[in-house]
*Asks:* 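For reference, the structure I am asking about is given below.
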Amino acid sequence: KSLEISGYTASGAMALYGKTSGMVLPLLFFPSHFIASLSSNIIPRISGALARSNANYAFELAEQSLVFSSLFSFAVTGRLFVFQPISELIYRGQALEELIIGFAPGIPFFYIESILFSILRSTGNNLTPIKISVLDFFMTNILVYVLVTKPIFGVYGYSLALITASAISILICLQSLEKQFRKKFNIANIFLKPLLSMVFMSYILIKSYPALEDIGYPTPICVIADSLLGLCGYFCLALLLGLKLKLHP
């Protein structure tokens, strides 16, 4: 309905919404299975540490899981944001490049919000995630109506609404955990260093793909080789910046 208000026809709005919710968002959220796996492994360890009154170790586990989630999500964002022909390989003929680029920046917000909810629950705080989920629901829907109806945003107002709601949720979650642990998370390790690594990775992706194409490799080979080169640069810079890529025992 908001897309119609912004100027789309009923059929055009439905088609665009279908592409977004049925193709783009599933592609963005599919890698989040890694975050679910991380949660299932790390959360019981945090609960166990708190049960043994070892709050310092529980905090270290929580912070390291956030760093891992951030590293993973920024890597996914960098790969999808520098789309090249990835969307064409997955959804041939659908012309989803601009939609993927428009929604890819939200990946770190969505993934980190998810792991924060899990950490909160592992500390026995089930009320805060429920409150934030309700707040997130209302914020998202209000922002969707306000932003998507504006022609200047269109469907990308949906992405902006999701990111804004997730960013506020992340802020509330972090404040709640810091208050509970009485410690401050290293924001540079969680957000800034993965972001810088992603920028470096994106630069490699942009520069290496045309060179691989010029050699004459098939498109799938170019995409795979380009991705591997970008990931190598990504993790090398992350290590140089001092990020630890190993979970606490």
Side-chain angles (χ1 to χ4, degrees), residues 25-26 28-77 105-144 159 161-195 197-198 238 241-249:
L25 292 182
L28 268 56
F29 282 105
F30 176 74
S32 65
H33 291 298
F34 168 83
I35 303 300
S37 177
L38 175 63
S39 299
S40 65
N41 283 280
I42 200 73
I43 300 313
R45 294 165 64 184
I46 295 176
S47 299
L50 290 173
R52 296 190 299 271
S53 299
N54 193 345
N56 289 333
Y57 181 55
F59 178 81
E60 290 176 4
L61 287 171
E63 186 170 67
Q64 193 64 22
S65 63
L66 284 171
V67 171
F68 261 66
S69 300
S70 181
L71 273 172
F72 177 75
S73 59
F74 274 105
V76 175
T77 298
I107 290 175
F109 295 91
F110 309 149
Y111 290 13
I112 293 172
E113 181 185 14
S114 175
I115 198 71
L116 280 169
F117 278 9
S118 297
I119 294 172
L120 282 168
R121 293 189 180 100
S122 74
T123 65
N125 187 345
N126 292 304
L127 185 59
T128 300
I130 293 174
K131 289 180 178 179
I132 294 175
S133 295
V134 174
L135 178 64
D136 191 296
F137 172 79
F138 284 106
M139 281 194 300
T140 301
N141 281 279
I142 292 171
L143 288 171
V144 163
S159 175
L162 291 172
I163 291 172
T164 303
S166 290
I168 294 173
S169 297
I170 288 170
L171 181 62
I172 296 172
C173 287
L174 288 175
Q175 289 177 341
S176 178
L177 285 170
E178 288 177 343
K179 183 178 180 181
Q180 184 169 352
F181 284 113
R182 297 180 182 177
K183 285 188 174 184
K184 294 287 186 180
F185 288 105
N186 190 325
I187 300 302
N189 284 345
I190 297 173
F191 295 106
L192 181 58
K193 292 178 182 179
L195 176 61
S197 299
M198 185 198 74
L241 291 174
L243 287 178
K244 297 179 181 179
L245 304 182
K246 183 179 180 181
L247 282 173
H248 292 279

*Asks:* Please tell me if the side chains of Thr123 and Phe181 come closer than 4.5 Å, counting only heavy atoms from C-beta onward.
*Replies:*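 Yes, close enough: below the 4.5 Å cut-off.
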
*Asks:* Output the distance between atom CD1 (Ile142) and atom OG1 (Thr164), rounded to the nearest 0.5 Å.
*Replies:*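 Here the rounded value is 12.5 Å.
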
*Asks:* Starting from the C-alpha separation in whole Å, work towards a yes-or-no answer on side-chain contact (heavy atoms from CB on, under 4.5 Å) for Lys193 and Val67.
*Replies:* CA-CA 10 Å; Lys193 292 178 182 179; Val67 171; over 6 Å; no

*Asks:* Which pair of heavy atoms, one from Tyr57 and one from Arg45, lies closest together, and at what distance?
*Replies:*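 Of all heavy-atom pairs spanning Tyr57 and Arg45, the closest is OH-NH2, 3.7 Å.
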
*Asks:* Taking C-beta and beyond as the side chain, do Ile115 and Phe68 meet within less than 4.5 Å on heavy atoms?
*Replies:*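 In short, these two side chains do not touch, never coming nearer than 4.5 Å.
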
*Asks:* If you take all heavy atoms of Phe59 and Lys184, which pair is closest and at what distance?
*Replies:*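 Nearest heavy atoms, Phe59 then Lys184: CZ-O, 3.5 Å.
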
*Asks:* Working to the nearest 0.5 Å, report the span between OG of Ser69 and CZ of Phe74.
*Replies:*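 It comes to 11.5 Å.
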
*Asks:* Taking atom CZ of Phe137 and atom OG of Ser169, what is their separation to the nearest 0.5 Å?
*Replies:*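 Output value for this atom pair is 13.5 Å.
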
*Asks:* Say you draw a straight line from CD of Glu113 to CG of Leu116; how long is it, rounded to the nearest 0.5 Å?
*Replies:*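 Glu113 atom CD to Leu116 atom CG measures 8.0 Å (nearest 0.5 Å).
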
*Asks:* What heavy-atom pair brings Ser70 and Pro194 nearest, and what distance separates the two atoms?
*Replies:*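 Looks like OG-CG, 3.4 Å.
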
*Asks:* Distance check, rounded to the nearest 0.5 Å: Ile119 atom CD1 versus Ser65 atom OG?
*Replies:*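 With rounding to 0.5 Å, CD1 (Ile119) is 3.5 Å from OG (Ser65).
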
*Asks:* Just how far is it from atom OG1 of Thr128 to atom CD of Gln175, taken to the nearest 0.5 Å?
*Replies:*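 Reported value, rounded in 0.5 Å steps: 11.5 Å.
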
